[in-house]
J.: 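I'd like to ask some things about the structure below.
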Amino acid sequence: MRMYDIIEKKRDGKELTEEEIFFFINGYTKGDIPDYQVSALLMAIYFQDMTEKERATLTKTMVESGDQIDLSQINGIKVDKHSTGGVGDTTTLVLAPLVASVGAPVAKMSGRGLGHTGGTIDKLESVPGFHTEITNEEFIDLVNKNKVSVIGQTGNLTPADKKLYSLRDVTATVNSIPLIASSIMSKKIASGADAIVLDVKTGAGAFMKDLDDAKALAKAMVSIGNQVGRNTMAVISDMSQPLGLAIGNSLEVKEAIDTLQGKGPEDLTELCLVLGSQMVVLAEKANTIEDARKMLEENLSNGKALEHFKTFLASQGGDATVVDNVELLPKASQQIEVLADQAGTIKTIIADGVGTAAMMLGAGRATKESEIDLAAGIMLHKKVGDAVQEGEALLTLHTNTDNVDSVVKLIKDSIVITKENVEAPTLIYDMITE
Ligand code: URA
Ligand code: CA
């Protein structure tokens, strides 16, 4: 078999066989096939697309290129949730203890990563003492005992994806549905999930800005998951404005605590109930979405979800008293309000603009080497559709730095106030199950 023929075949729009996909992935991972030939194939895939069968084969082969996490010692069906990323997305912090509180096991492998705020692990590390450096045995024991645990990335997962992603980054081939879908799904499958709920975001703060692109990506991922024997569904949700009110690490932990007490922002609460109900049904802890939702709502109001969060934090070294006393979380030295220049209704809060502003305050990493300020971030006081008076606070900056002029400018450019009537945006656009 020759790489040249595989490139030519895809260039001409033909379907690659399993053997051809194995040959290219394994050859590239081992270093036998050079970057320039793989670059050419990636560009051919970018223009010619892949069939559903090719996408599933590509994903399976990437999974098999490295280690796979074995969660078989955990009782029950392990359902993982994956979000395609956005601004101030506090859902994982809420969903992990909430879903666990109705008996569905949550075995979460998470990372730090780059972005507007830290990853789930950074956020959780705002809780003094909390850590995710635990052994695989401890991780499995904790999920069996408490139904929830979060572990840092371990093992050599999907090395093929790591190499391909770096190459795509420098060859203008990141933005390809079959390549994105196989990249995301290979990582989820290698981390051991039996079933997967995807939260595909759309809007200004999302990877897929356009609703049709978000749907196409969701369909591609659901098809891959189901073809490789993992029950998979996707929710398409709004990321035109940030989710909830908090953007920042310790601010989002506080927001999660509020939400777990049933006092959280409406949009964050609703999205967690929608995603959580799907997870509970896939875990076979309820027969219908309606039953699952009722169970989750009950545990938000009776304190059980919050109790699970405390147990989860304490069992990984965290000071669980922060839940009852949020003053113990890292706090910025300054709180600076940004005021509205005019009265009216909020028309737009551009999610990536506000997200970048939070990152400039230190809430996220611009490069792998950047340090995160766990206390830094933004608390919104208004969302799209809300009325505002002239001089009223739109949001509060939480900062340990003095010069916030460029941050304030970016925020003012990201928030539009109008005299017209504005409706709050749709939160859930679609559900994709096949
Ligand atoms: N996130 C991923 O993990 N892979 C992609 O290709 C794009 C986004
Ligand atoms: Ca939030």
Side-chain angles (χ1 to χ4, degrees), residues 42 45-46 50 55 58-59 62-63 82-95 109-111 113-120 123 126 153 157-191 196 198-201 205-209 213-214 216-218 220-221 224 237-239 241-260 263-272 349 351 354-355 358 363-364 377-381 383 395-396 398 427:
L42 291 172
I45 293 171
Y46 181 94
M50 288 183 120
R55 294 170 180 188
L58 175 61
T59 307
M62 296 210 292
V63 169
H82 177 80
S83 155
T84 59
V87 180
D89 183 10
T90 315
T91 52
T92 300
L93 298 182
V94 178
L95 278 172
M109 182 176 284
S110 203
L114 305 177
H116 299 122
T117 63
T120 296
K123 291 176 189 176
S126 325
Q153 245 120 36
L157 296 195
T158 60
D161 175 63
K162 286 196 186 81
K163 268 192 102 170
L164 279 178
Y165 205 174
S166 311
L167 188 61
R168 286 164 59 207
D169 216 16
V170 293
T171 55
T173 52
V174 167
N175 222 332
S176 151
I177 299 255
L179 297 178
I180 300 169
S182 55
S183 167
I184 294 175
M185 290 301 286
S186 67
K187 284 174 277 205
K188 285 289 121 182
I189 293 162
S191 34
I196 301 162
L198 298 161
D199 179 17
V200 179
K201 310 278 194 188
F207 195 60
M208 289 289 156
K209 314 247 177 262
D213 290 343
L217 177 62
M221 293 194 288
I224 289 171
S237 74
D238 182 62
M239 195 34 86
Q241 65 177 338
L243 185 67
L245 299 170
I247 308 154
N249 299 282
S250 67
L251 296 174
E252 287 185 48
V253 170
K254 179 175 180 307
E255 177 169 67
I257 293 168
D258 290 341
T259 307
L260 286 165
K263 298 186 296 192
E266 209 176 304
D267 58 348
L268 174 62
T269 304
E270 178 60 22
L271 183 57
C272 288
I349 304 178
V354 178
I378 293 172
M379 279 305 297
L380 302 175
H381 305 307
K383 300 268 294 194
L395 52 84
T396 301
H398 290 246
L427 178 66

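We number each residue from 1, following the sequence as shown. Numbering of ligands and ligand atoms starts at 1, following listing order. Side-chain atoms are counted along with the backbone in the values below, which use heavy atoms only and exclude waters and symmetry mates. Every value quoted in this text rests on a predicted model; they were computed, and no experiment measured them.
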J.: Answer yes or no as to whether an N/O/S atom of Leu243 is found below 3.0 Å from the Ca ion (ligand 2).
T.: yes
J.: Can you confirm whether more than 12 heavy atoms, excluding those of Glu266, are under 6.0 Å from its CD atom?
T.: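 Counting other residues, nucleotides and ligands, CD of Glu266 stays at 12 neighbours or fewer.
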J.: Is the closest heavy-atom distance from Ile184 to ligand 1 below 4.0 Å?
T.: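 Yes.
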J.: What is the name of the N/O/S atom in Glu255 that sits closest to the Ca ion (ligand 2)?
T.: OE1
J.: Which pair of heavy atoms, one from Ala246 and one from Thr90, lies closest together, and at what distance?
T.: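 Reported closest heavy-atom pair: O-OG1, 4.3 Å.
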J.: Measuring to the Ca ion (ligand 2), does Asp89 have an N/O/S atom at a distance below 3.0 Å?
T.: no
J.: Counting only heavy atoms, tell me which of Lys187, Met208, Lys188, Met185 gets closest to atom 3 (O) of ligand 1.
T.: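 Minimum heavy-atom distance to atom 3 (O) of ligand 1 goes to Lys187.
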J.: Side chain of Ser182, backbone of Leu179: donor and acceptor closer than 3.5 Å?
T.: yes
J.: Under 3.5 Å, is there a donor-acceptor pair between the Ser186 and Asp161 side chains?
T.: no
J.: I need the atoms of ligand 1 closer than 4.0 Å to a non-hydrogen atom of Ser183, numbered in the order shown.
T.: 2 (C), 3 (O), 4 (N), 5 (C), 6 (O)
J.: Who's the nearest protein heavy-atom neighbour of atom 1 (N) of ligand 1, and how far?
T.: Tyr165 OH, 3.5 Å
J.: So that I can check it, does any N, O or S atom in Ala246 come closer than 3.0 Å to the Ca ion (ligand 2)?
T.: yes
J.: Can you tell me if, anywhere in Gly88, an N/O/S atom lies at a distance from the Ca ion (ligand 2) that is smaller than 3.0 Å?
T.: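 Checking the Ca ion (ligand 2) against Gly88, an N, O or S atom does fall under 3.0 Å.
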J.: Given 3.5 Å as the limit, does a donor-acceptor pair link the side chain of Lys209 with the main chain of Ala214, or not?
T.: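 Flag not set: sc Lys209 to bb Ala214 has no pair under 3.5 Å.
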J.: Between Asn249 and Ala363, is there a donor-acceptor pair closer than 3.5 Å when you use the side chain of the first and the backbone of the second?
T.: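 Answer holds: yes.
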J.: Please check this pair: side chain of Glu255 against backbone of Leu245, looking for a donor-acceptor N/O pair closer than 3.5 Å.
T.: yes
